[in-house]
**Q** 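This structure is in structure tokens; I'll ask about it shortly.
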Amino acid sequence: MDAEARQKCEVRRSGREWDFDPFVADKAESPAAGAALPLRDMDEPSGVLYGCGSGPQVSGVLTVPPAALDSDRDCRYFTRIPMPPDTPRIAQVACEYSIAIARDVAGGAWIWGSGAGTTQPTRVSCVRQSGDLGNVISCAAASSFAVAVIDDGTVLCFGGKAPGAAVDVGIGGQRGSTFCVRTTRLNFYSKEAEVPPIAVAVDASQSTVLVQTADGALWSAGDSVASGRYCGQRDVAGAEKLHLIYDAAQRPLDNVAAFSVGSIHAAAVKRDGSLWVWGNGVSGNHGMGKRLKVVRFPCQVPGFGQEEGEIFAASVGCTKGSPNPKQIHTKDGWLAGQEGPRTHVVDTSGNLWIAGTGHKGLAADHLYKTLSPKVDHLKFYKVGGPAVLDPGASKVYIGAAENLRTNPRRAAHLMGMAKADDFGSGPDRKTGYLAATKIVQSSPSHIHSMALSEDGRLFTWGCGSNGRCGLEAIVQIQGGKKRTMKCYVHSPSAVESLEGKRVVNAAVGKWWTWAIVEE
């Protein structure tokens, strides 16, 4: 590295103007190494934070008012999360297990949960060595720690068992209060970069962190990296540092536009709309047409972004909160069934595609309630396509489909259809789910999923126990007793308690769903 390049590496610009878009620009337009990144656009989609699912007794992350909890101390309907007065609008939220993190439009990070040592959302002040405050531009949550990308391109982890080297930063609460949380900095493996890379986005799950840099490359760190389980690295030594991810041809995985890391696998979308997957694909969740236990390096999935194809991936989500999926015995041996390794892909036309576990309606492919995991989608299934029929299933509708008998028009609206006649119609029995709805974001979790539409409707499905789906679904169970929110919602269903509100961002954790509502 020459002296001029080295000097650039040591410079931190104080300005916040940065016109470079890492998702569409060429590498040549990347900001100089060490350049400070700006605050996110104050006009980016943002609002107030809502949540539903298991109450504060589980990890202390759903801190809703006591009146919002039922007798089981679950929050069955989306409820506004209390935040300190004058909190800026929230733009992003993440939570997997024991710690939640939210990012506001002013660059602040808020963390809470048992993993953070506080049960109330508390602003974190990340003080650089220069003494000024660092502003958060991206955030994520793993099993016991949270991660944030700061506007100077560095990556900080908050909470227990986080990878990285300990750093001396100030952690401050609201109005002078303080709390103690372990903080580490994730450094880049120097041998794989001539100049220090600039982090621009992050995702995390379990103990693994994926970081995207301004040149479109992807890096990883964490315990899963050390084990070589699905790191995408040529050298798995040094889980405390970020290592560059290579594809199966041993080329750096670059030109990344979107990415996701789940409990046992990961995926990335390139700027050309192609889809790349790696990790554990035991449930067919890679969408490669077969079950693959370990795929160490990213492989391209056929059918997305190909020159001869018409499907271009725009975003991707991998199942979080499910590190050891339960297995069941089938004619094909022991397979993951009740809990769901899945990959969700939203294409540029707003269609949702799912590969992996179909049990409990997790693949949004059944017409009726079913407990049968007979079919995993080894290739990507387009939601709304031909129904997977279980001969043993009774015609029990759960979720939005419950309205089919009494109010077909409402049922169609709640299931994202043009009309109720589209449900199970035609010789191939298409479900019609989301057929008239453009999806812009979708994420799977342990045993439930969510999808967000362009017009701001939030759809959830899967297992609704503990209120994690936030739906009004009711099921008749043994003995004639009715229990609200019981399993299993087979149809993507618009959340009733958010009707009339516009959701601009959403996330799922193991026992919760989070929504940022424009108000």
Side-chain angles (χ1 to χ4, degrees), residues 16-24 37-52 78-83 86-95 100-111 121 123 135-141 146-151 200-203 212 257-260 269 313-317 344-352 416 434 437-445 449-460 470 492 494-495 497-509 512-519:
R16 291 174 177 173
E17 293 300 323
W18 187 51
D19 296 327
F20 168 72
D21 184 346
F23 299 147
V24 298
L37 307 185
L39 290 174
R40 291 294 181 94
D41 185 354
M42 291 291 285
D43 293 328
E44 72 174 312
S46 57
V48 297
L49 183 60
Y50 282 70
C52 68
F78 277 88
T79 302
R80 185 168 178 170
I81 305 299
M83 302 285 285
D86 303 322
T87 299
R89 300 188 309 275
I90 301 299
Q92 186 181 7
V93 63
C95 176
I101 183 169
R103 174 179 64 83
D104 65 43
V105 293
W110 301 78
I111 64 173
R123 194 178 192 278
N135 295 292
V136 176
I137 61 173
S138 180
C139 65
V147 193
V149 174
I150 313 303
D151 62 356
V200 295
V202 66
D203 194 24
Q212 183 189 8
F259 61 101
S260 174
V269 173
S315 66
V316 64
H344 286 202
V345 174
V346 177
D347 67 24
T348 52
S349 297
N351 300 307
L352 175 59
L434 305 178
T437 303
K438 185 174 183 178
I439 299 300
V440 295
Q441 178 190 0
S442 185
S443 297
S445 187
S449 299
M450 74 82 184
L452 180 62
S453 68
E454 187 179 47
D455 60 5
R457 286 187 292 164
L458 182 64
F459 296 82
T460 60
V495 176
S497 59
L498 293 177
E499 284 191 275
K501 301 180 183 293
R502 180 180 178 84
V503 179
V504 296
N505 205 337
V508 286
W512 311 277
T513 303
W514 308 87
I516 297 174
V517 178
E518 189 176 72
E519 290 189 355

**Q** When rounded to the nearest 0.5 angstrom, what distance separates CH2 in Trp512 from OG in Ser445?
**A** 9.0 Å
**Q** Do you know the tightest heavy-atom contact between Val316 and Ser260?
**A** O-CB, 3.5 Å
**Q** Please find the pair of heavy atoms, one from Cys139 and one from Ile101, that lie closest to each other, and give the distance.
**A**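 For Cys139 and Ile101, the tightest heavy-atom pair comes out as CB-CD1, 3.7 Å.
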**Q** Look at the side chain of Ser138 and the backbone N and O of Val202, then say whether any donor-acceptor pair between them is shorter than 3.5 Å.
**A** yes
**Q** Using the side chain to side chain donor-acceptor pair (under 3.5 Å) criterion, which residues pair with Glu499? Sequence neighbours excluded.
**A**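 By the side chain to side chain donor-acceptor pair (under 3.5 Å) rule, Glu499 matches Arg410.
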**Q** State which residues pass side-chain contact (heavy atoms from CB on, under 4.5 Å) with Ala91; sequence neighbours excluded, sorted by chain then number.
**A** Glu44, Ser46, Arg103, Val105
**Q** For Asp347, what residues pass the side chain to side chain donor-acceptor pair (under 3.5 Å) criterion, not counting sequence neighbours?
**A** Asn351, Trp353
**Q** Quick one: side-chain contact (heavy atoms from CB on, under 4.5 Å) partners of Thr79, sequence neighbours excluded?
**A** Val64, Pro65, Ala68, Cys75
**Q** So do Met83 and Ile90 actually touch side chain to side chain, heavy atoms under 4.5 Å?
**A** yes
**Q** What residues, two or more places apart in sequence or in another chain, satisfy side-chain contact (heavy atoms from CB on, under 4.5 Å) together with Ala314?
**A** Thr348
**Q** With the side chain counted from C-beta on, respond yes when Thr87 and Trp110 share a heavy-atom pair under 4.5 Å apart, and no when they do not.
**A** yes
**Q** With a 4.5 Å heavy-atom cut-off, do Val503 and Tyr50 have their side chains touching?
**A** no
**Q** Which pair of non-hydrogen atoms, one from Pro121 and one from Pro82, has the smallest distance, and what is that distance?
**A**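 Reported closest heavy-atom pair: CG-O, 3.8 Å.
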**Q** For a 4.5 angstrom cut-off between non-hydrogen side-chain atoms, does Leu352 reach Val345?
**A** no
**Q** Is a donor on one side and an acceptor on the other found under 3.5 Å between the side chain of Ser453 and the backbone of Lys438?
**A** no
**Q** Counting distance only, does the side-chain N/O of Gln441 pair as donor-acceptor with the main-chain N or O of Asn505 below 3.5 Å?
**A**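 Not a single qualifying donor-acceptor pair exists.
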**Q** Do you know the tightest heavy-atom contact between Pro444 and His344?
**A**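 Shortest heavy-atom contact: CB-NE2, 3.6 Å.
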**Q** Give the intermediate values and the outcome of side chain to side chain contact (heavy atoms under 4.5 Å, CB included) for residues Thr437 and Ile439.
**A** CA-CA 6 Å; Thr437 303; Ile439 299 300; 3.9 Å; yes
**Q** Give, for atom CD of Gln92 and atom CD1 of Ile516, the distance between the pair rounded to the nearest 0.5 Å.
**A** 7.5 Å
**Q** How close do Asn135 and Ala106 get, heavy atom to heavy atom, and via which atoms?
**A** OD1-O, 3.6 Å
**Q** Applying side-chain contact (heavy atoms from CB on, under 4.5 Å), can you list everything that pairs with Cys52, at least two apart in sequence or on another chain?
**A** Phe78, Thr513
**Q** For Gly470 and Val495, which heavy atoms make the closest approach, and how far apart are they?
**A**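 For Gly470 versus Val495, the nearest heavy atoms are O-CG1, 3.5 Å.
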